[in-house]
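Residue numbers begin at 1 in each chain, while the letters A, B, ... track the order of the sequences.
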Number of protein chains: 2
Amino acid sequence: MANKTAPDSPPGSAGGTPTRRRSERSRRAILDASLALVGEVGYDKLTIEGIASRAGVGKQTIYRWWPSKAAVLLDAFTADVDEYSAQGLPDTGDLAADLKLVLRATADEFNDPAFQAPYRALAVAGANDAELSRAFVDRLLEPGIRVYVDRLRAAQEAGEVAADVDTRVAAEMLLSPFSQRWLMRTGELTYDYVDTLVDLVLRGLRPGS
Amino acid sequence: MANKTAPDSPPGSAGGTPTRRRSERSRRAILDASLALVGEVGYDKLTIEGIASRAGVGKQTIYRWWPSKAAVLLDAFTADVDEYSAQGLPDTGDLAADLKLVLRATADEFNDPAFQAPYRALAVAGANDAELSRAFVDRLLEPGIRVYVDRLRAAQEAGEVAADVDTRVAAEMLLSPFSQRWLMRTGELTYDYVDTLVDLVLRGLRPGS
DNA sequence: ACGGGGAGGCGAGACGTATCGTCTTGACAA
DNA sequence: TTGTCAAGACGATACGTCTCGCCTCCCCGT
């Protein structure tokens with residue numbers, strides 16, 4: 001049950017135990033197939049057998065390395081995404097402009113159908129599986145939030161944001177309405193909405209407010 | 001496909017077509033059984049056959065009136081909840097106090113295991129089923145948001161909130177971080193958190209800020 | 001006013017299909 | 001020699017459809 005959502009590394013890495021012989025070719029084929037299939041048929045109709053067949057792989061090869069289709073999808077999705085958050089947010093000295101720029105780009109990304117299916121599926125699968133939820137949060141959600149917290153902290157040190165503001169809560173005020181809107185489909189993610197949200201959040205962060 | 005999540009009313013009401021004969025007894029038994037079972041085994045392992053068996057009902061009776069287990073659950077859950085949002089938020093003239101009071105109570109509710117399972121299941125099922133999502137939003141989410149928008153509007157008219165504030169976005173800034181935290185398990189819903197959130201949101205709403 | 005017929009919902013469960021997760025086989029690579 | 005690989009057989013489970021009598025209510029003819 002350990003490593004439930006983080007299978008052993010591919011051959012070449014050196015774990016505590018001797019590296020197991022694993023086909024990198026099969027691993028990539030499985031990840032690619034799962035991403036392609038979830039876009040075509042949706043998460044509910046995504047099956048292990050379907051992934052295996054599409055990847056030209058035996059079912060056992062999937063069951064050997066992953067505990068569930070959600071874990072496969074999380075791996076597949078993480079690989080494509082995690083270099084994005086490594087670079088941090090831009091800092092031009094104008095907090096509002098920086099936030100609007102990045103959130104507008106994020107809105108475009110969230111409106112991209114290729115992105116929607118797997119991300120929705122993961123968000124959703126996590127809600128009913130606490131263990132997967134933790135992996136999803138740790139590997140995708142938290143890193144995304146942290147870059148905003150860092151940017152807010154920088155603005156705080158520059159005097160652009162009041163010193164007594166809880167930057168974590170402020171980041172949530174910015175990001176949660178955004179992702180909630182998208183996840184629950186309570187509204188469109190337009191540039192107008194992003195701008196309104198950023199402006200209203202920042203009103204409460206200004207020094208002396 | 002019409003009425004996908006809103007089956008015909010029980011006998012006695014008069015629809016456009018002649019009222020169908022439907023057992024109210026079976027309807028209640030199905031709703032009760034689905035709520036009980038989702039709490040016991042979780043959403044993934046909730047099956048139509050299980051509900052039918054628990055309710056002492058034929059499978060066909062469920063398939064006749066609902067399109068999916070999610071639709072059953074939505075009906076079951078809605079029945080218990082919708083009188084709650086009918087009464088609106090308190091208005092003592094102190095917006096911060098009113099919001100904290102209600103959100104603290106909501107936090108208690110969200111921390112109640114009996115509430116968690118079905119609500120999580122619905123939020124989650126909706127993300128992968130656009131039609132169910134709409135029903136979930138219309139019948140549960142939107143009414144909940146609206147009472148906050150109304151309360152904010154009242155505060156706006158009382159001069160407690162700046163006139164140019166978009167009350168809808170403001171309500172989302174308050175509620176989305178809250179529900180996001182709970183849904184994704186990114187943090188605890190404590191009274192402290194609620195208070196911090198309310199205070200920070202309201203900082204941006206004050207006139208002249 | 002009433003009583004018989006018929007239409008339709010009802011509980012029960014059989015049915016074929018799909019996918020599950022496990023297990024076995026023989027080839028192949030380290 | 002040892003462990004992974006592709007392929008697929010296997011029993012179990014739940015799906016959604018269907019058929020069966022039973023029962024209840026509504027309507028119509030008397």
Minimum heavy-atom distance between A:Ala127 and B:Leu183, given as atom pair plus value: CB-CD1, 4.1 Å
Figure out the CH2/C1' separation between A:Trp65 and C:dT22, and round it to whole Å. 18 Å
Is a donor from one side chain sitting under 3.5 angstrom from an acceptor on the other, for A:Thr196 and B:Asp166? no
Nucleotide of D:dA6, D:dC5, C:dC10 approaching A:Arg22 most closely (side-chain heavy atoms): D:dC5
Please determine if a side-chain N or O atom of B:Ser26 lies less than 4.0 Å away from the OP1 or OP2 oxygen of C:dG9. no
In whole angstrom, what separates A:Ile62's CD1 from D:dT4's P? 16 Å
Rounded off to whole Å, could you give me the CD1-to-P distance for the A:Ile30 and D:dT4 pair? 14 Å
Side-chain donor-acceptor pair present, B:Gln60, B:Arg64, cut-off under 3.5 Å: no
Can you tell me which residue pairs pass the salt bridge (charged side-chain N to carboxylate O under 4.0 Å, His left out) test with a partner in residues 188-200 of chain B, sequence neighbours excluded? B:Lys100-B:Asp199, B:Arg104-B:Asp195
Going through the checks in order, is the salt bridge (Lys or Arg N to Asp or Glu O under 4.0 Å) test met by A:Arg54 and A:Glu40? CA-CA 12 Å; A:Arg54 167 74 74 107; A:Glu40 290 172 22; 2.7 Å; yes
Atom pair distance, as rounded to whole Å: CZ in B:Arg54 and C1' in C:dG11: 18 Å
Do the side-chain N or O atoms of A:Ser23 get closer than 4.0 angstrom to the phosphate oxygens (OP1, OP2) of D:dT4? no
Could you tell me whether B:Arg120 sits above the aromatic face of B:Tyr43, with NZ or CZ closer than 6.0 angstrom to the six-membered ring centre and within 45 degrees of the axis? no
Could you check how far CZ of A:Arg25 sits from C1' of C:dC28, rounded to whole Å? 14 Å
Between A:Arg146 and A:Asp150, does any NZ, NE, NH1 or NH2 come within less than 4.0 Å of an OD or OE carboxylate oxygen? no
Give the rounded distance in Å between these two atoms: CZ of A:Arg27 and P of D:dT4. 16 Å
Give me, pair by pair, the N or O atoms of the protein and of nucleotides 15-19 of chain D that are less than 3.5 Å apart, along with how far apart they are.
unit_1, atom_1, unit_2, atom_2, d
D:dC15, OP1, B:Ile48, N, 3.0
D:dC15, OP2, B:Ile48, N, 3.3
D:dC15, OP2, B:Glu49, N, 3.2
D:dG16, OP2, B:Tyr63, OH, 2.7
D:dG16, N7, B:Lys59, NZ, 3.0
D:dG16, O6, B:Lys59, NZ, 2.6
D:dC18, N4, B:Gln60, NE2, 2.3

Relative to each other, are the rings of A:Phe110 and A:Phe178 parallel, tilted or perpendicular (30° and 60° limits)? perpendicular
Between protein and nucleic acid, restricted to nucleotides 23-28 of chain D and to nitrogen or oxygen atoms under 3.5 Å apart, what atom pairs and distances do you find?
unit_1, atom_1, unit_2, atom_2, d
D:dT24, O2, B:Arg21, NH1, 3.2

Between the side chains of B:Gln180 and A:Ser179, does any donor sit under 3.5 Å from an acceptor? yes
